[in-house]
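A, B, ... follow the sequence lines: proteins, then strands. Residue 1 opens every chain.
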Number of protein chains: 2
Amino acid sequence: MKPTQIVSRRRGDGKSLLTREAIVSAALELIRRDGLDGLSMRRVATALDTGAASLYAHIHDLDELLSLVLDSALSGVRIPRAREQWDKALEQIVLSYLRILFRHAGVARLAISTIATGPNSLRIMEAILQLLEQAGCSAEDAAWGTDLILHFAASTAAEQRARRANLLKEISKTLEEIDAALYPRVYALRRDLLSGGIDRFLWGLRAIVKGILGESGTVRKELTSVKHR
Amino acid sequence: MKPTQIVSRRRGDGKSLLTREAIVSAALELIRRDGLDGLSMRRVATALDTGAASLYAHIHDLDELLSLVLDSALSGVRIPRAREQWDKALEQIVLSYLRILFRHAGVARLAISTIATGPNSLRIMEAILQLLEQAGCSAEDAAWGTDLILHFAASTAAEQRARRANLLKEISKTLEEIDAALYPRVYALRRDLLSGGIDRFLWGLRAIVKGILGESGTVRKELTSVKHR
DNA sequence: ACCTGAACACCGTTCAAGT
DNA sequence: ACCTGAACACCGTTCAAGT
């Protein structure tokens, strides 16, 4: 009877079409504004003027949405073309990764708890693997090293984020009140333990990279002997 | 009239007294059995034969409970007395920490997302700070280094845990299917990226420690000049 | 002081039913 | 094929009321 009316119910009214991309970008917007805890299927649905059930036509479950959101955020990570100086290039990539994680609260926590396999994660891993090999790492050490570096960056970002919130005050107050006789070093270094922004990050990155290169080759043999003790 | 009956409603019937300790140990038991996602106020309450509301007389909120659970688990971390060989002692402590996190699924995830300030965390930090200073670190580097080491151990444990679940199969399948032309190194190293147990952990720990010691002193000056670029 | 039941404001996910 | 409302089985937390 009225065949022209049989179209997506999303057309005609003000609503835009419901797509995977629209869902992911709404979720990213939400996570950016309210943090990871502010994200829920129901809230994403509300932001898109629909019910939570509608999302399941495009996305398998919350876990999948979170993976997609992480990779979407990582699309902003810049990888330099020229790579003559592997150490400079490595720092650029990892700083860019850090900045992205830092920009959106909550995405850092996501990066920690997920073993990422999205295209942007792969892009970043590929670049770091290449640089570590260029630096003289064995392929196997580069694999573990890449993982180590990315984990370190994600942890740093997540921790910095936690500090932003009123948490920092609370924690430093707790550290201020600990028993200085029982924990003399912790007490003496209570400020250093919480200090540091980009300086601390670069310090850690360089320590890790130096360590990876230093370990390369020599240690695997040692380890096998340790194992059999 | 019947003054002898006016006692805790917890007495008389089979129920044991509701205490902070009982709540924490029930929560730890739950987390050990079902993982972090299996833990909830309501489930802890049920395990103690009561309603969720009753817990709030002893514990401020879920966050506090999680902190208490983490520290309770960390009471199992052993710290050797004799410390002539700082490197051996350090590995013993960190391996003990790792083993504890590994033993109870979910506690590792907890250790990552929390900046721990419980007595057992402090105990562990104090010991590592001491060993790093003994190794020749400056106090400030020891502070950052301790944090770095503990984070690394927690990340490792959390990731290993994630692998135990059916997640590993899924991830390695995904890596098996990626575009080898686009990501040649990731593809070539797909097994190495997921491999490794205690070997990989010791490799990383030694890399980090070597890095920390190598960075000590020289780098802070560099960093200040970098900052002003 | 400690414990309780009921209520409030949320969750993720499923499913039959609509277009 | 896509979208929907209602339902199911959960959450953390509060609060008046009981002992």
Side-chain angles (χ1 to χ4, degrees), chain A residues 1-24 26-27 30-31 33-69 106 109-110 113-114, chain B residues 1-24 26-27 30-31 33-69 106 109-110 113-114:
Chain A
M1 284 291 167
K2 310 181 207 163
T4 44
Q5 280 201 5
I6 305 178
V7 284
S8 163
R9 281 138 101 183
R10 279 308 197 140
R11 302 273 195 90
D13 46 11
K15 302 180 181 184
S16 57
L17 228 60
L18 203 57
T19 64
R20 215 162 208 264
E21 291 73 37
I23 293 169
V24 171
L30 228 62
I31 221 177
R33 227 188 32 214
D34 305 328
L36 194 54
D37 295 327
L39 184 69
S40 75
M41 286 284 160
R42 291 173 115 105
R43 282 231 258 263
V44 172
T46 305
L48 293 168
D49 248 320
T50 182
S54 304
L55 305 181
Y56 289 83
H58 302 91
I59 265 159
H60 184 255
D61 60 9
L62 180 61
D63 266 359
E64 195 195 16
L65 178 55
L66 291 177
S67 296
L68 292 171
V69 165
R109 263 171 71 196
L110 214 51
S113 53
T114 318
Chain B
M1 284 293 167
K2 310 180 205 164
T4 44
Q5 281 201 4
I6 304 179
V7 284
S8 163
R9 281 137 100 183
R10 279 311 198 134
R11 302 273 195 90
D13 46 12
K15 301 180 181 186
S16 58
L17 228 59
L18 202 56
T19 62
R20 215 163 209 263
E21 291 72 38
I23 293 169
V24 171
L30 227 61
I31 221 177
R33 227 188 33 215
D34 305 328
L36 194 53
D37 295 328
L39 183 69
S40 74
M41 286 283 162
R42 290 172 116 105
R43 282 231 257 261
V44 172
T46 304
L48 294 168
D49 247 319
T50 181
S54 305
L55 305 182
Y56 288 84
H58 303 90
I59 265 160
H60 183 255
D61 60 10
L62 180 62
D63 265 0
E64 195 195 17
L65 177 56
L66 292 177
S67 297
L68 292 171
V69 166
R109 262 170 73 196
L110 215 51
S113 53
T114 317

Q | Over all atoms of both residues, closest heavy-atom pair of Arg42(B) and Ala52(B) | A | CG-CB, 3.9 Å
Q) CZ of Arg20(A) versus P of dA1(D): gap in Å, rounded? A) 17 Å
Q: Check every atom of dC11(C), dC3(C), dC11(D) against the side chain of Ser40(A) and return the nucleotide holding the closest atom.
A: dC11(C)
Q: Name the pairing partner of dA1(C), where a pair is Watson-Crick or G-U wobble with both distances under 3.5 Å, or state none.
A: dT19(D)
Q. Is Thr19(B) close to Ile23(B) at the side-chain level, that is, under 4.5 Å between some pair of heavy atoms?
A. no
Q) Within the structure shown, what part of the strands sits under 4.0 Å from Ala53(A) by heavy-atom distance: base, sugar-phosphate, or nothing? A) base
**Q.** Approximate separation, where rounding is to 0.5 Å, of Leu55(B) CG and Glu64(B) CD
**A.** 11.5 Å
(Q) Tell me the interatomic distance from Leu55(A), atom CG, to dT4(D), atom C1', rounded to whole angstroms. (A) 12 Å
Q) Given dC3(D), is OP1 or OP2 found less than 4.0 Å from the side-chain N or O atoms of Thr50(A)? A) no
Q) Between dT13(C), dC11(D), dC3(D), which one does the side chain of Ser54(A) approach most closely? A) dC3(D)
Q.
Rounded to whole Å, please give me the gap between CG in Leu48(A) and P in dC3(D).
A. 11 Å
Q.
Using OP1 and OP2 only, check whether a side-chain N or O of Arg43(A) sits under 4.0 Å from dC11(C).
A. yes
Q: Can you tell me the pairing partner of dC10(D) across any strand shown, Watson-Crick or G-U wobble, with both distances under 3.5 angstrom?
A: none
Q) Hey, does Arg20(B) have a side-chain heavy atom less than 4.5 Å from the side chain of Leu68(B)? A) yes
Q: Only one of Asp37(A), Val44(A), Leu110(A) passes side-chain contact (heavy atoms from CB on, under 4.5 Å) with Ile31(A); say which it is.
A: Leu110(A)
Q. Asp34(B) has an atom CG; how far is it from atom P of dC11(D), in whole Å?
A. 11 Å
(Q) From CG of Leu65(B) over to P of dT13(D), roughly how many Å is that when rounded to an integer? (A) 10 Å
Q) When the distance from CD of Glu64(B) to C1' of dT13(D) is rounded to whole Å, what number comes out? A) 14 Å
(Q) Side chain of Arg42(A) only, heavy atoms from C-beta on: which candidate in dC3(C), dA7(D), dG12(D) is closest? (A) dA7(D)
Q) What integer number of Å spans the P atoms of dC10(D) and dA9(C)? A) 22 Å
Q: Report the distance from atom CE of Met41(B) to atom P of dC10(C), rounded to the nearest whole Å.
A: 19 Å
Q. Leu30(B) CG to dC11(D) P: how many Å, rounded?
A. 10 Å
Q: Tell me which nucleotide among dC3(C), dT13(C), dT13(D) gets nearest to the side chain of Leu62(A).
A: dT13(C)
Q) Of all the choices, dT13(C), dT13(D), dC11(D), which nucleotide is nearest to the side chain of Tyr56(A) once you look at every atom? A) dT13(C)
Q) Under 4.0 Å: is that the gap between some side-chain N or O of His58(A) and OP1 or OP2 of dC3(D)? A) yes
